[in-house]
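To start, the structure itself, in structure tokens.
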Amino acid sequence: MSLPDSRGVFITFEGGEGAGKSTQVARLARTLRARRSVVTTREPGGSPRAEEIREALLAGVAKPYGPFAEALLFSAARIDHLDHLIRPALRAGEIVLCDRFMDSTRAYQGAAGGLDPDAVAALERVVVGGTRPDLTLILDLAPETGLARARARAAGQGASAPDRFEAEALAFHARLRAAFREIAEAEPARCVLIEAAGTAEAVEAAVRRAVAARLPGLLAPDAERVDAA
Ligand code: T5A
């Protein structure tokens with residue numbers, strides 16, 4: 001369900017570490033910008049105050065307090081992000097492409113972190129309310145591959161240590177993948193599972209197909225083709 005006064009379109013990208021979400025947000029934004037005004041954003045973060053909370057979360061500041069405290073901090077960031085960026089952009093009729101959103105809390109703090117699903121659902125109800133994504137693209141990839149991609153990128157950027165969640169054991173990442181797949185299965189009207197093991201171009205083509213099929217007003221069917229750029 002979208003905001004009652006929303007004229008925009010809200011698309012979220014989800015998946016495990018290094019699945020290619022940021023890459024695909026940028027590629028879809030480039031395609032859509034030819035037609036409509038697009039805002040790209042991310043969670044945690046997306047607004048100045050939420051970006052401050054992001055730093056603390058990824059540094060592991062909340063980890064000792066457990067998954068409920070972490071979920072509360074992700075929620076605090078989400079409230080600010082929704083109020084200051086997402087809802088205003090949707091009201092202005094823009095397309096909002098968001099790298100992670102509420103499904104990451106379900107998967108990371110809930111399914112993989114062990115937080116009671118009722119607590120996750122209650123938080124979602126009060127924090128997200130009616131601002132549900134119109135479409136969620138879940139990039140599905142073996143965690144070993146995603147973590148290797150994330151590590152290679154970090155090495156290229158001179159970063160040495162993995163962040164709070166990259167540092168979790170492989171079993172945690174396997175639970176994450178299963179959780180995202182379950183979300184896609186449980187909410188087929190909102191979610192599309194995208195096979196993310198192929199090249200960035202192949203994944204982009206799958207993303208375009210999903211957008212053209214689910215939101216036909218945004219992308220003409222022939223826009224599924226990825227231009228050789
Ligand atoms: N979190 C977040 C929670 O626990 N709860 C929550 O509620 C929320 C919102 C955010 C962390 O916070 C957690 C989840 C995360 O652990 P982050 O740094 O934003 O931290 O982490 P990620 O969202 O996982 O972002 P990553 O950048 O690690 O992954 P992406 O965006 O999925 O991947 P991307 O596009 O940056 O690609 C990674 C590398 O692979 C290459 C790219 O060039 C890049 O080098 N690549 C490919 N290589 C081969 N083939 C392809 N198809 C490729 N696509 C991209």
Side-chain angles (χ1 to χ4, degrees), residues 12-29 40-47 50-51 53-63 66-82 86 97-115 119-121 123-124 127-128 133 136-159 161-169 172-173 175-177 179-180 183 194-207 226:
T12 57
F13 287 72
E14 298 277 5
E17 306 290 316
K21 299 173 299 299
S22 316
T23 302
Q24 296 304 326
V25 164
R27 285 173 178 244
L28 183 60
T40 62
T41 187
R42 69 173 179 184
E43 288 212 347
S47 63
E51 288 289 331
I53 298 174
R54 175 190 174 91
E55 255 186 56
L57 279 165
L58 296 195
V61 169
K63 184 180 178 186
F68 188 42
E70 281 192 316
L72 290 175
L73 266 187
F74 278 109
S75 298
R78 185 162 300 139
I79 287 168
D80 196 72
H81 187 207
L82 279 161
I86 296 175
L97 303 184
C98 190
D99 186 342
R100 294 194 183 280
F101 190 60
M102 62 186 199
D103 297 306
S104 284
T105 309
R106 290 191 199 177
Y108 279 75
Q109 283 65 54
L115 179 60
V120 176
L123 272 178
E124 200 174 293
V127 172
V128 175
T136 295
L137 300 159
I138 297 181
L139 302 195
D140 182 52
L141 184 65
E144 295 88 340
T145 311
L147 288 167
R149 285 183 190 171
R151 270 195 298 271
R153 187 202 41 207
Q157 293 170 346
D163 72 25
R164 153 76 182 92
F165 295 99
E166 284 165 3
E168 285 283 354
F172 178 92
H173 295 284
R175 287 201 296 279
L176 277 179
R177 183 187 196 188
F180 280 121
I183 291 169
I194 304 277
E195 157 66 55
T199 62
E201 289 70 29
V203 181
E204 182 182 4
V207 165
V226 176

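Read the numbers this way: they start at 1 and go in the same order the structure lists the ligands and their atoms.
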For atom 34 (P) of ligand 1, the protein heavy atom that lies nearest, with its residue and separation:
T23 OG1, 3.7 Å
Counting heavy atoms only, which of A71, G198, G20 is nearest atom 52 (N) of ligand 1?
G198
I'd like to check whether G18 has a polar contact with ligand 1, where a contact means an N/O of the residue lying under 3.5 Å from an N/O of the ligand.
yes
Shortest protein heavy-atom distance from atom 32 (O) of ligand 1, along with the residue and atom involved
K21 NZ, 2.5 Å
Nearest heavy atom to atom 18 (O) of ligand 1: which of E17, R153, R54 does it belong to?
R54
How far is atom 7 (O) of ligand 1 from its nearest protein heavy atom, and which residue and atom name does that atom have?
T105 OG1, 2.6 Å
Straight-line distance of H81 NE2 to I53 CD1, nearest 0.5 Å
12.0 Å
Test your reading of the structure: does L58 have an N or O sitting under 3.5 Å from an N or O of ligand 1?
no
T12 OG1 to E43 CD distance, which is reported to the nearest 0.5 Å:
9.5 Å
Within the 4.0 Å heavy-atom shell around A19, which atoms of ligand 1 are there?
32 (O)
With a 4.0 Å cut-off on heavy atoms, is G15 in contact with ligand 1?
no
Output yes when the distance from some N or O of ligand 1 to some N or O of E43 is under 3.5 Å, and no in every other case.
no
Any side-chain to backbone donor/acceptor pair from K63 onto E70? Under 3.5 Å, distance only.
no
How far is atom 2 (C) of ligand 1 from its nearest protein heavy atom, and which residue and atom is that?
F74 CE2, 3.4 Å
Is the side chain of E51 donor-acceptor paired with the backbone N or O of G46 at a distance under 3.5 Å, no angle test?
yes
Which option, R106, H173, R149, Q157, owns the non-hydrogen atom nearest atom 51 (C) of ligand 1?
R149
Which of the atoms in ligand 1, numbered in the order shown and given with their element, are less than 4.0 Å from a heavy-atom of S104?
2 (C), 5 (N), 6 (C), 7 (O), 8 (C), 9 (C)
Working to the nearest 0.5 angstrom, can you tell me the gap between L28 CG and T23 OG1?
12.5 Å
Minimum-distance protein heavy atom relative to atom 24 (O) of ligand 1:
R100 NH2, 2.8 Å
For atom 13 (C) of ligand 1, the closest protein heavy atom turns out to be F165 CD1, 3.7 Å
With atoms numbered from 1 as shown, which atoms in ligand 1 lie under 4.0 angstrom from a non-hydrogen atom of A200?
51 (C), 52 (N)
Taking non-hydrogen atoms only, is Q109 closer than 4.0 angstrom to ligand 1 via side chain, backbone, both or neither?
side chain
Are any of the side-chain nitrogens in R151 or E166 under 4.0 Å away from the carboxylate oxygens of its partner?
no
Main-chain N/O of P143 paired with E17 side-chain donor or acceptor, under 3.5 Å
no
So F13 and I194, side chain to side chain contact (heavy atoms under 4.5 Å, CB included) or not? Walk me through it.
CA-CA 10 Å; F13 287 72; I194 304 277; over 6 Å; no
Mutual orientation of the aromatic rings belonging to F165 and F74 [parallel < 30°, tilted 30-60°, perpendicular > 60°]:
tilted
Keeping R164 on the side-chain end and G60 on the backbone end, is there a donor-acceptor pair under 3.5 Å?
no
Please state which protein non-hydrogen atom is closest to atom 31 (O) of ligand 1 and give its distance, to 0.1 Å?
S22 OG, 2.5 Å
For R78, is the nearest heavy atom under 4.0 Å from an atom of ligand 1?
yes
Any donor-acceptor pair under 3.5 Å from Q24 side chain to A200 backbone:
yes
Quick check on side chain to side chain contact (heavy atoms under 4.5 Å, CB included): which of D103, L139, D140 does F180 satisfy it with?
D103
